[in-house]
Participant: 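Just passing along the structure, written as structure tokens.
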Amino acid sequence: MVHSSPFHLLALTLTLTLTLTPSFFQGSRAQLSSTFYDNTCSNVSTIVRNIIQQAQSSDARIVASLTRLHFHDCFVNGCDGSVLLDDSSSIQSEKGAAPNNNSTRGFEVVDNIKTAVENVCPGIVSCADILALAAEASVNLAGGPTWTVLLGRRDGTTASFSGANNLPSPRDPLITLRSKFSNVGLGDTDLVALSGAHTFGRAKCSSFSDRLYNFSNSGSPDPSLDTTYLATLQQSCLQGGRGDVLNNLDPSSPYTFDENYYTNLQDNQGLLQSDQELTGDSSLASIVDSFASSQSTFFQSFGSSMVNMGNISPLTGSNGEIRSNCRKVNGS
């Protein structure tokens, strides 16, 4: 997860014209099903996992990158595979938006998964569902939890460049992060749990270098940053130096999905401002503490929050399409 946005984590689009109420999200959940492909493509989960495992053998951080793609898809007009669309005569790709440009990665692995799935069950499995399955497999292959992925999404035929530019940002203050999450029906526990995806992956110096030298235009480092960690980061990200140098989001176990992200936050060693912001509010800090003290609690909450995120305004039924190529709309 190279991040120019947190979810980069996590991400957000407010070109939605719907008012996304709790009942709306419950309705979308009811339309998705864990057994959606049981009779039409029963091996899809195995195909997805096998190809990711193969990619992981030569690229340890691919699992973080694929997890991030699902975040950046769902937060922009819902989980519709729009993040995968390339530029065309009718589409301005989300890949060129600031949080994604030279940052999101893993598209070739998605292509490989789609090709393998099409060979077995052509025209059945959406690219949006491939992203959801890939995120779950990736987290589990890195040592993280497993959860029941709900399926049945269809692929969108449009992208939102402006929405992608409004993804949660590494520099967002807490009030903005909460707003961007609540706008897609996600709450405080989801915010803290999904931020835990920063237990693996990397971020560029440009995503946080202001914390090292000129926080909030103060001319000084971020006072919330542990001084020893600050010195380490200053060695990696020189003042006025290259912004594309990569840094582990979780220096203690950079390729393992575990609870160390939260113990880092307790020690004021969150890499991004948006990470450390989670300890600046008592209600969020209590969630951080509960996850830091219990990996099983974090894992259970993370799986639940991934399901919640996967339910953001999916296209179902006759809406959208099943793309034959994840990079372009059918017939284009």
Side-chain angles (χ1 to χ4, degrees), residues 1-21 24-25 28 31-32 65-107 110-111 114 126-132 134-135 153-172 176-186 190-191 194 274 308-323 325-332:
M1 257 146 149
V2 176
H3 292 60
S4 26
S5 74
F7 305 98
H8 335 116
L9 296 350
L10 296 132
L12 246 349
T13 166
L14 305 177
T15 54
L16 290 174
T17 53
L18 288 162
T19 300
L20 301 179
T21 62
F24 173 83
F25 287 98
S28 67
Q31 297 172 36
L32 300 179
S65 301
L66 291 169
T67 304
R68 186 176 180 230
L69 281 182
H70 187 42
F71 282 105
H72 281 217
D73 183 34
C74 290
F75 270 81
V76 180
N77 287 354
C79 311
D80 63 351
S82 61
V83 72
L84 303 174
L85 290 171
D86 286 339
D87 278 323
S88 72
S89 58
S90 60
I91 287 173
Q92 184 179 16
S93 175
E94 294 171 15
K95 296 176 183 179
N100 294 331
N101 190 33
N102 296 317
S103 178
T104 46
R105 60 193 295 274
F107 298 108
V110 175
D111 292 338
K114 181 63 172 174
S126 68
C127 300
D129 275 349
I130 285 174
L131 288 180
R153 300 167 193 81
R154 290 168 64 84
D155 295 320
T157 56
T158 61
S160 177
F161 183 84
S162 61
N165 270 320
N166 197 41
L167 284 164
S169 157
R171 294 180 178 85
D172 279 344
T176 304
L177 291 172
R178 273 179 156 150
S179 174
K180 288 181 176 181
F181 272 67
S182 67
N183 282 332
V184 292
L186 300 177
D190 299 310
L191 170 58
L194 294 174
S274 56
N308 292 341
M309 186 184 76
N311 288 325
I312 299 173
S313 39
L315 298 170
T316 58
S318 59
N319 294 318
E321 64 182 19
I322 305 298
R323 277 182 224 147
N325 178 339
C326 290
R327 293 176 180 263
K328 59 185 184 179
V329 174
N330 291 344
S332 62

Participant: Go through Lys114 and Asn325 one step at a time and tell me if the side-chain contact (heavy atoms from CB on, under 4.5 Å) criterion holds.
Facilitator: CA-CA 7 Å; Lys114 181 63 172 174; Asn325 178 339; over 6 Å; no

Participant: So, applying side chain to side chain contact (heavy atoms under 4.5 Å, CB included) with Leu85, which one of Arg323, Glu94, Gln92 is it?
Facilitator: Arg323

Participant: Once rounded to the nearest 0.5 Å, what's the spacing between atom CG of Asp73 and atom CD1 of Ile130?
Facilitator: 12.0 Å

Participant: Which atoms form the tightest heavy-atom contact between Leu186 and Met309, and what is the distance?
Facilitator: CD2-N, 4.1 Å

Participant: Enter the distance from Thr316:OG1 to Leu32:CG here, rounded to the nearest 0.5 Å.
Facilitator: 7.0 Å

Participant: Drop me the distance from Ser82's OG to Ile91's CD1, to the nearest 0.5 angstrom.
Facilitator: 9.5 Å

Participant: Quick one: does any side-chain atom of Asn165 pair with a main-chain N or O of Ala97 as donor and acceptor, under 3.5 Å?
Facilitator: no

Participant: Do the side chain of Asn330 and the main chain of Ile322 share a donor and acceptor less than 3.5 angstrom apart?
Facilitator: yes

Participant: Step by step, work out the side-chain contact (heavy atoms from CB on, under 4.5 Å) result for Leu66 and Val110.
Facilitator: CA-CA 8 Å; Leu66 291 169; Val110 175; 4.0 Å; yes

Participant: For Leu194 versus Phe181, what's the shortest heavy-atom pair and its separation?
Facilitator: CD1-CE2, 4.0 Å

Participant: Regarding Ser126 and Arg153, do their side chains bring together a donor and an acceptor under 3.5 Å, going by distance alone?
Facilitator: no

Participant: State, yes or no, whether a side-chain contact exists between Cys74 and His70 at a heavy-atom distance under 4.5 Å.
Facilitator: yes

Participant: Closest heavy-atom contact between Gly78 and Ser313?
Facilitator: CA-OG, 3.5 Å

Participant: With a 4.0 Å cut-off, would you call Asp86 and Lys95 a salt bridge?
Facilitator: yes

Participant: Looking at CG of Asp80 and CG of Leu315, how far apart are the two atoms once the value is rounded to the nearest 0.5 Å?
Facilitator: 5.5 Å

Participant: With rounding to the nearest 0.5 angstrom, report the OG to NE2 distance, Ser65 to His72.
Facilitator: 10.5 Å

Participant: Just how far is it from atom SG of Cys127 to atom CG of Leu84, taken to the nearest 0.5 Å?
Facilitator: 6.0 Å

Participant: Does any non-hydrogen side-chain atom of Val83 lie less than 4.5 Å from one of Val76?
Facilitator: no

Participant: Mind checking whether Leu177 and Ser274 have side chains closer than 4.5 Å, heavy atoms only?
Facilitator: yes

